[in-house]
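Have a look at the structure below before the remarks.
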There are 2 protein chains.
Amino acid sequence: MRTVGASQPEETARAEEPGRPAEHGRAGGAAGVKTARGTRARGTRQAQALAVALDDLPGFCSAQEIHAALRSKGETVGLATVYRHLQALTEAGSIDTIRDVSGETLYRQCGTSVHHHHLTCRNCGRSVEVEGRAVEQWAEKVAAEAGFTDVGHTFELFGVCPQCAG
Amino acid sequence: MRTVGASQPEETARAEEPGRPAEHGRAGGAAGVKTARGTRARGTRQAQALAVALDDLPGFCSAQEIHAALRSKGETVGLATVYRHLQALTEAGSIDTIRDVSGETLYRQCGTSVHHHHLTCRNCGRSVEVEGRAVEQWAEKVAAEAGFTDVGHTFELFGVCPQCAG
DNA sequence: CCAAGATTGAGAATCATTATCATTACCAGT
DNA sequence: ACTGGTAATGATAATGATTCTCAATCTTGG
């Protein structure tokens with residue numbers, strides 16, 4: 001498993017507070033930015049918590065890590081819900097996803113919505129966004145030459161960042 | 001599941017000799033190109049069959065597909081063995097691997113041992129090897145600028161090939 | 001022919017991600 | 001406030017690819 005900068009107390013107390021009634025469903029006072037159908041971006045307590053968590057995490061991290069981070073902060077969010085929101089956010093273009101070497105999907109909040117790629121530290125997950133106009137163009141050219149259509153690409157850079165190297 | 005261009009006759013007519021006792025272990029007369037330890041490239045019946053299968057398949061395909069192809073040809077090779085050889089061959093550099101969109105690993109026999117990338121048809125799996133000197137250099141430059149070291153990259157192009165498009 | 005070591009393969013074990021589905025919270029009417 | 005409708009949640013089961021386990025089997029050297 002990769003390790004991320006954020007602390008991940010492994011012995012997270014599994015037993016919830018005894019008296020606490022099982023919380024469920026949407027949060028109490030959340031404003032609720034309702035989108036058309038199915039996915040409201042951050043109306044619920046869980047969505048809000050996830051957004052905050054993504055803000056805090058420095059680089060790319062897996063859904064499981066995010067879930068663990070939420071847990072360790074005291075938030076109670078189901079793993080399934082984490083995946084759901086992550087997926088929705090990805091589709092909405094609010095966050096970036098990459099695949100690490102083992103095939104795990106890593107997520108990260110992303111500023112720009114324009115297409116770009118990442119140079120990610122394989123140790124701490126921190127990443128730099130790189131704008132790859134050159135690569136895009138090259139890819140299109142190559143594809144066109146081969147007669148391929150409807151071309152997409154995946155491109156990721158992994159390395160060790162200055163901090164982790166030093 | 002993806003579909004591969006090559007036909008995969010499900011009920012291949014080739015019923016081997018009826019009396020065939022359950023074969024196990026290494027093949028009878030195989031020459032046996034023994035490598036240092038653990039992995040002999042193609043000494044066994046299973047390894048041989050796998051090599052042939054890889055030769056036949058036109059493009060990238062998953063371990064499971066290769067396993068299925070072997071099955072349908074009448075070869076009896078365990079899935080675990082397929083994975084084992086695929087992994088060994090990959091480490092040896094004899095075959096290429098890429099990750100498709102769903103995270104599955106796809107394998108393909110590869111001619112050159114020099115570093116290159118692929119433009120793969122997401123419909124039939126056929127692929128073209130593209131030499132990406134430009135990309136390599138660009139990647140290195142970007143990485144260096146960001147101060148990252150020990151940089152590697154993944155780069156894949158997916159599209160629809162002329163045949164599948166027409 | 002025998003012992004030692006390599007290889008195989010069926011099935012169990014992992015592990016990330018999805019699907020289920022009963023429960024719950026929010027919203028708009030009434 | 002009460003209520004019905006609907007979206008969201010989360011515990012858990014299911015999926016699916018890949019790896020691990022280990023007894024059975026094969027090959028080879030002597």
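The sequence lines fix the lettering, A, B, ..., with proteins before strands; numbering per chain opens at 1.
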May I ask you to list the residues sharing a hydrophobic cluster with B/V52, side-chain cutoff 4.5 Å, ordered by chain and number?
-> none
When rounded to whole Å, the NE2 to P distance for the pair B/H85 and D/dT18 reads 17 Å
CD of B/Q48 versus P of D/dT27: gap in Å, rounded?
-> 14 Å
Provide, to the nearest angstrom, the distance between the CD atom belonging to B/E104 and the C1' atom belonging to C/dA16.
-> 14 Å
Considering residues at least two apart in sequence or located in another chain, which fulfil the ring-ring contact (aromatic ring centres under 6.0 Å, His included) criterion with B/H116?
-> B/H118
Under 3.5 Å: donor-acceptor pair, side chain of A/R108, backbone of A/L57 | no
Under 4.0 Å: is that the gap between some side-chain N or O of B/T81 and OP1 or OP2 of C/dT8?
-> no
Would you say D/dG10 has OP1 or OP2 under 4.0 Å from some side-chain N or O of A/R71?
-> no
Please list, chain by chain and in numerical order, all residues satisfying salt bridge (charged side-chain N to carboxylate O under 4.0 Å, His left out) with A/E145, sequence neighbours excluded.
-> none
Under a single-linkage rule joining Ile, Leu, Val, Met, Phe, Trp and Tyr whose side-chain heavy atoms are separated by less than 4.5 Å, which residues share a cluster with A/F148?
-> A/L119, A/V128, A/V130, A/V135, A/W138, A/V142, A/V151, A/F155, A/L157, B/L119, B/V128, B/V130, B/V135, B/W138, B/V142, B/F148, B/V151, B/F155, B/L157
So what does A/T105 hit on the nucleic acid, given a heavy-atom distance under 4.0 Å: a base, only sugar-phosphate, or nothing?
-> sugar-phosphate
Whole angstrom value for the distance that separates P of D/dA17 from CD1 of B/I66 = 13 Å
Could you list the residues that satisfy ring-ring contact (aromatic ring centres under 6.0 Å, His included) with A/H67, not counting sequence neighbours?
-> none
Has B/T44 got a side-chain N or O lying under 4.0 Å from the OP1 or OP2 atom of C/dT8?
-> yes
Residue-phosphate contact under 4.0 Å: B/Q46 side-chain N/O, C/dG9 OP1/OP2 = yes
In whole Å, what is the span from the CG atom of B/L50 to the P atom of C/dT7?
-> 15 Å
Expected rows: protein N/O vs nucleotides 19-22 of chain D N/O, under 3.5 Å:
none

